[in-house]
Amino acid sequence: MNMRVKEKAEGMQVKEKAEGMHVKEKKVTLTNHNTSERHSFVLRPFVPGDEEAVMQCVREEYGDSYYRREFYDRDLLMDMVSSGGLHLFVATCNGETCGIQTIISYEPEESRVEAASQIFKKKYRGYGLPFELVKYTYEYADTLHPSCIYASCVVFHPATQQMCQDVGMIPVSFNLGSHLTSVMSNSYVLGKSEKYAQAILVKPVDKLDAGVVYAHRDVYMIVSRIYSDLGVRYSLVGATGEESPEAETGRTELSLKVNDREQSVMIYVKRIGRDVGEAVRKVMDAHRGGYWTIQLILPSDDPASVRAYETLTGLGFFFTGIRPLCCAHEQITMQYVGDVRFEFDDFRLTSEFRGLLDQILKFYEERQ
C-alpha cells in the first residue's frame, strides 16, 4: 500500500470511529478569570487532519519529554485512534486547536477506562476550559460502560485534582516513581523529588459491587474508608498474616511492564503462590540501583493476599492505597522506592489527597 492510500485508509477509519462515537460537538463561551476576555470554544472528537495540531500542543508544553510517545509519531497516533484504544478529543477556538484530552480503553485486559493526557496551550489557560473538557469527555466515557473511570493527576497541581473530584472521582492511591523528574519538562514547578509522583482517583461506573475484599489489619481502616467514599457495595475482611490462609499450591504468576527510559517497573500479581516473595525478589534483583522504583498490584479478593502483604513488606514494599473496580479482581497497590528521594513537602494536594498521603507516609517511614 503506497503512503497516500495508507493515509486515506487511516483517515477513513478515524473518521468512521469519530462518527460512531455519537458525541455531538459542544460549544461553550468562557471568560478568562485573569483578563476578563471572552472566547467561544468548540469541544469535539478528533478527526483526520487534527494530528499535527495535537502534537504541536503537546510539544509546546512538554518539548520532547512527554511519556506518551504516540504524541510524537503521527503513524502511531493514528493507529491507536483507529484501533479504538485511544479516544482523542480536542478543544478549538476560531479553528485553532487549544487543548486535548484522551480516554484510554484497556479491554479485554481491564474493564476500566483512563482519563489521561489533558494538555492546553498556555494562551488558552484561565478560562476554565479543562473542567469543561473533563465533563464533556467523561459523559462519553460513561457510554463505553467501563467498570470505572481512572485518572492519574500530578502532585504539583491541586486544581487538576480538585477538578476530578468535582465530577465525582475519589482519591484512592499514589504511584511513586513512574517517571524521572530530571527528564520531564513542562511549565509547572516539579519540586525536588528525584522521581515523578501521581495521585490516583477512581469514579465508579458499571462495577458497583466490589464483593469480598481482604485487608491486612494495618490498612483495614484506610481500605474501608476508601470503599465507603466510592459508594459501592463491599464486604471487608481484616486479618493478620498468621490468621490468613497460605496461598494454594502452585507458583506465583506475575505480569511485568518495564520502562527502561524512566527506570520503573509495574508488577501485576496475577496469581499468588507460596513463592510470591521469591518471585518478586527476582524482579527486584534485576532492577536495583540508579533510580529504579517498583509499583506492585496485588489482588485483594484472594484471602492469601494478607499473608503475601506481610511477605512483601519484609522485602521493603509499603502500602500506597487501593486500585478498586478496575477489573474483575479488586487490588491494592504497594511500592518499592529503593534509595530514590521524595520531597513530600513539595506535594501540592487537595485536603482529601493530603489526608490519604499522611496515612501512607506512616508505612513509607517504616521502610526507611
Find out whether [X] and [Y] are in side-chain contact, i.e. whether some heavy atom of one side chain is under 4.5 Å from a heavy atom of the other.
X      : Y      : value
Leu176 : Lys195 : no
Val306 : Val237 : no
Arg367 : Thr313 : yes
Val340 : Gln263 : no
Ser65  : His179 : no
Val280 : Leu315 : yes
Asp229 : Arg225 : yes

Would the distance check show the side chain of [X] and the main-chain N or O of [Y] forming a donor-acceptor pair, the cut-off being under 3.5 Å?
X      : Y      : answer
Lys121 : Thr97  : yes
Gln118 : Pro130 : yes
Glu253 : Gly273 : no
Gln295 : Ser178 : no
Ser147 : Ser111 : yes
His157 : Cys153 : no
Thr181 : Ser193 : yes
Asn175 : Gln198 : no

Separation between [atom1] of [X] and [atom2] of [Y], rounded to the nearest 0.5 Å:
X      : Y      : atom1 : atom2 : result
Ile360 : Lys362 : CD1   : NZ    : 11.0 Å
Leu88  : Ser117 : CG    : OG    : 9.0 Å
Leu133 : Tyr138 : CG    : OH    : 10.0 Å
Leu77  : Tyr72  : CG    : OH    : 12.0 Å
Thr137 : Glu132 : OG1   : CD    : 11.0 Å
His216 : Glu243 : NE2   : CD    : 8.5 Å

Residue pairs passing the side-chain hydrogen bond (donor to acceptor under 3.5 Å, both in side chains) test with at least one member in residues 325-339, sequence neighbours excluded, are Lys207-Glu330, Tyr227-Glu330, Arg288-Tyr336, Asp301-His329, Thr320-Thr333, Arg323-Gln331
Between [X] and [Y] (salt bridge meaning N to carboxylate O under 4.0 Å), is one present in this structure?
X      : Y      : value
Asp73  : Arg68  : no
Arg341 : Glu343 : yes
Lys282 : Glu278 : yes
Arg74  : Glu51  : yes
Asp285 : Arg281 : no
Glu139 : Lys26  : no
Glu310 : Arg307 : no

Exercise. So, do Tyr140 and Phe89 have ring centers that fall under 6.0 Å from each other?
Worked result: yes
On a heavy-atom basis, which atom in [X] and which in [Y] lie closest, and how many Å separate them?
X      : Y      : answer
Pro245 : Pro303 : CG-CB, 3.7 Å
Glu61  : Ile119 : CB-CG2, 3.9 Å
Gly99  : Cys57  : CA-SG, 4.1 Å
Leu129 : Ala91  : CD2-CB, 4.0 Å
Gly177 : Thr293 : O-OG1, 2.7 Å
Gly126 : Asn34  : CA-ND2, 4.4 Å

When hydrophobic residues are tied together by side-chain contacts of less than 4.5 Å, even through go-betweens, does Phe317 share a cluster with Ile222? yes
Between Ile272 and Val212, is there shared hydrophobic-cluster membership here, with clusters defined by ILVMFWY side-chain heavy atoms closer than 4.5 Å? no
Checking Phe174, Phe363, Tyr220 against Phe319 for ring pair (Phe, Tyr, Trp, His ring centres under 6.0 Å), the one that qualifies is Phe363
Are side-chain N/O atoms of [X] and [Y] paired as donor and acceptor at under 3.5 Å?
X      : Y      : result
Thr252 : Asp275 : yes
Ser40  : Thr29  : yes
Tyr309 : Ser300 : no
Glu262 : Tyr196 : no

**Asked** Quick one: is the NZ or CZ of Arg112 closer than 6.0 Å to the six-membered ring centre of Tyr150, and within 45° of its axis?
**Response** yes
With a sphere of 6.0 Å drawn around [atom1] of [X], does it hold more than 12 non-hydrogen atoms of other residues, nucleotides or ligands?
X      : atom1 : value
Asp64  : CG    : yes
Glu248 : CD    : no
Glu52  : CD    : yes

Which label fits His39 and Tyr127: parallel for a plane angle under 30°, tilted from 30 to 60°, or perpendicular past 60°? tilted
Which pairs of donor and acceptor atoms, one on a side chain in residues 349-358, lie under 3.5 Å apart (sequence neighbours left out)?
residue, atom, partner, partner atom, Å
Thr350, OG1, Gln165, OE1, 2.8
Thr350, OG1, Phe353, N, 3.3
Glu352, OE1, Gln165, NE2, 3.0
Arg354, NH2, Phe347, O, 3.0

Given the options Ile149, Ile322, Ile226, Leu230, Val202 meets side-chain contact (heavy atoms from CB on, under 4.5 Å) only with Leu230
Assess the residue pair Tyr136 and Gln101 against the criterion (side chain to side chain donor-acceptor pair (under 3.5 Å)); give the C-alpha distance rounded to whole Å, side-chain angles, the decisive distance to 0.1 Å, and a yes or no. CA-CA 10 Å; Tyr136 179 71; Gln101 166 116 24; over 6 Å; no
Query raised in the report: Which is it for Phe71 and Tyr62 under the ring-ring contact (aromatic ring centres under 6.0 Å, His included) test, yes or no, and what are the steps along the way?
Result: CA-CA 11 Å; Phe71 288 109; Tyr62 289 98; 9.6 Å; no
